[in-house]
Every structure is written in C-alpha cells, then in structure tokens.
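These notes are about the structure you will find just below.
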Amino acid sequence: MNKILIFGGSGRLGKNWIKILIKKNKVFANLHKKKIFIKNRNLRIIKLNIYDTKKLISFCIKNEISTIISTIALTDVDLCQKKKK
C-alpha cells in the first residue's frame, strides 16, 4: 500500500484525487477548510504548512510518504488581482 500526501484536498480536484486514491492507498490530506467530506480508514486529515520544509521532510520520512500531489490553487480572479504577489 502506497502512502500519498495531498495538498489542496478541500478543492474539487483534490477531493476527486482522494476519492480515487483511498481505494488502494493510505492518503494523508492537507485541507484548507476543516470540513471532513469523506470518512474512510485509508484517509487521514492533517495540518501541515508547505512552506515549513523541515517539518514537511520530517513528516514524509516518518510516515514513509511515496508520493506528494499538490492541487493547491487560487481560483478567485478578483482576489488574484488584489494580491498580485
């Protein structure tokens, strides 16, 4: 069983990846929103800052993560215009 870390799991793309992957893999999902949308023994919701590389690397080593998938995106066009950085 592979162990997969998904960032952006609360978005539409992330949710679909999770639904497919939890069938045969252990999935760790980092959610922007705290809402748990799927209950499955192969899914673990986590809180991890992608910019804290030391903690990210430590988490991946400790949990033997084989794959990292990022579906993080900012899709609000108006917000993107306001916060160009």
Side-chain angles (χ1 to χ4, degrees):
M1 179 178 288
N2 289 322
K3 295 180 181 179
I4 300 169
L5 172 59
I6 296 183
F7 287 101
S10 54
R12 184 177 293 149
L13 181 59
K15 286 179 187 177
N16 286 319
W17 271 102
I18 291 169
K19 286 178 186 178
I20 292 167
L21 292 171
I22 59 173
K23 294 175 185 175
K24 295 184 179 179
N25 303 283
K26 173 83 173 172
V27 176
F28 297 86
N30 194 55
L31 306 180
H32 173 67
K33 299 174 185 173
K34 295 181 180 179
K35 195 174 190 180
I36 298 175
F37 50 88
I38 300 170
K39 291 183 180 177
N40 188 293
R41 62 187 171 101
N42 287 336
L43 175 63
R44 184 170 153 212
I45 306 302
I46 61 166
K47 185 75 171 175
L48 194 60
N49 183 346
I50 64 169
Y51 299 109
D52 189 340
T53 54
K54 288 181 182 181
K55 285 186 181 177
L56 177 58
I57 291 168
S58 175
F59 178 85
C60 290
I61 291 169
K62 179 182 176 185
N63 292 285
E64 299 175 339
I65 301 296
S66 60
T67 306
I68 299 173
I69 298 171
S70 177
T71 62
I72 297 172
L74 184 56
T75 57
D76 183 334
V77 176
D78 294 328
L79 183 59
C80 289
Q81 289 296 323
K82 289 178 187 175
K83 298 185 177 186
K84 294 183 180 183
K85 287 185 181 181

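One-based numbering along the sequence shown.
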Quick check for you: to the nearest 0.5 Å, what is the distance between [X] atom [atom1] and [Y] atom [atom2]?
X: Asn63; Y: Leu48; atom1: CG; atom2: CG; answer: 9.5 Å
X: Ile72; Y: Ile6; atom1: CD1; atom2: CD1; answer: 11.5 Å
X: Asp76; Y: Lys83; atom1: CG; atom2: NZ; answer: 10.0 Å
X: Lys23; Y: Leu21; atom1: NZ; atom2: CG; answer: 9.5 Å

Exercise: identify the closest heavy-atom pair between [X] and [Y]:
X: Met1; Y: Lys24; answer: CG-O, 3.7 Å
X: Thr71; Y: Gly9; answer: OG1-N, 4.3 Å
X: Cys60; Y: Leu5; answer: SG-CD2, 4.0 Å

Would you check, one step at a time, whether the test side-chain contact (heavy atoms from CB on, under 4.5 Å) holds for Ile18 with Leu43?
-> CA-CA 8 Å; Ile18 291 169; Leu43 175 63; 3.9 Å; yes
I'd like to know if [Y] and [X] are part of one continuous hydrophobic network [Ile/Leu/Val/Met/Phe/Trp/Tyr, side-chain heavy atoms within less than 4.5 Å].
X: Ile46; Y: Leu56; value: yes
X: Ile69; Y: Ile65; value: no
X: Ile68; Y: Tyr51; value: yes

Is the backbone N or O of Ile22 less than 3.5 Å from a side-chain atom of Asn42, with the two atoms forming a donor-acceptor pair by type?
->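 Yes: the side chain of Asn42 pairs with the backbone of Ile22.
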Min side-chain heavy-atom separation Asn30-Phe59 under 4.5 Å =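 A side-chain contact is absent here, since even the closest heavy-atom pair is not under 4.5 Å.
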Assess whether side-chain contact (heavy atoms from CB on, under 4.5 Å) is satisfied between Ile4 and Trp17, documenting all intermediate values.
-> CA-CA 11 Å; Ile4 300 169; Trp17 271 102; over 6 Å; no
Would you verify whether the NZ or CZ of Lys26 falls within 45 degrees of the ring axis of Phe28 while also being under 6.0 Å from that six-membered ring's centre?
-> yes
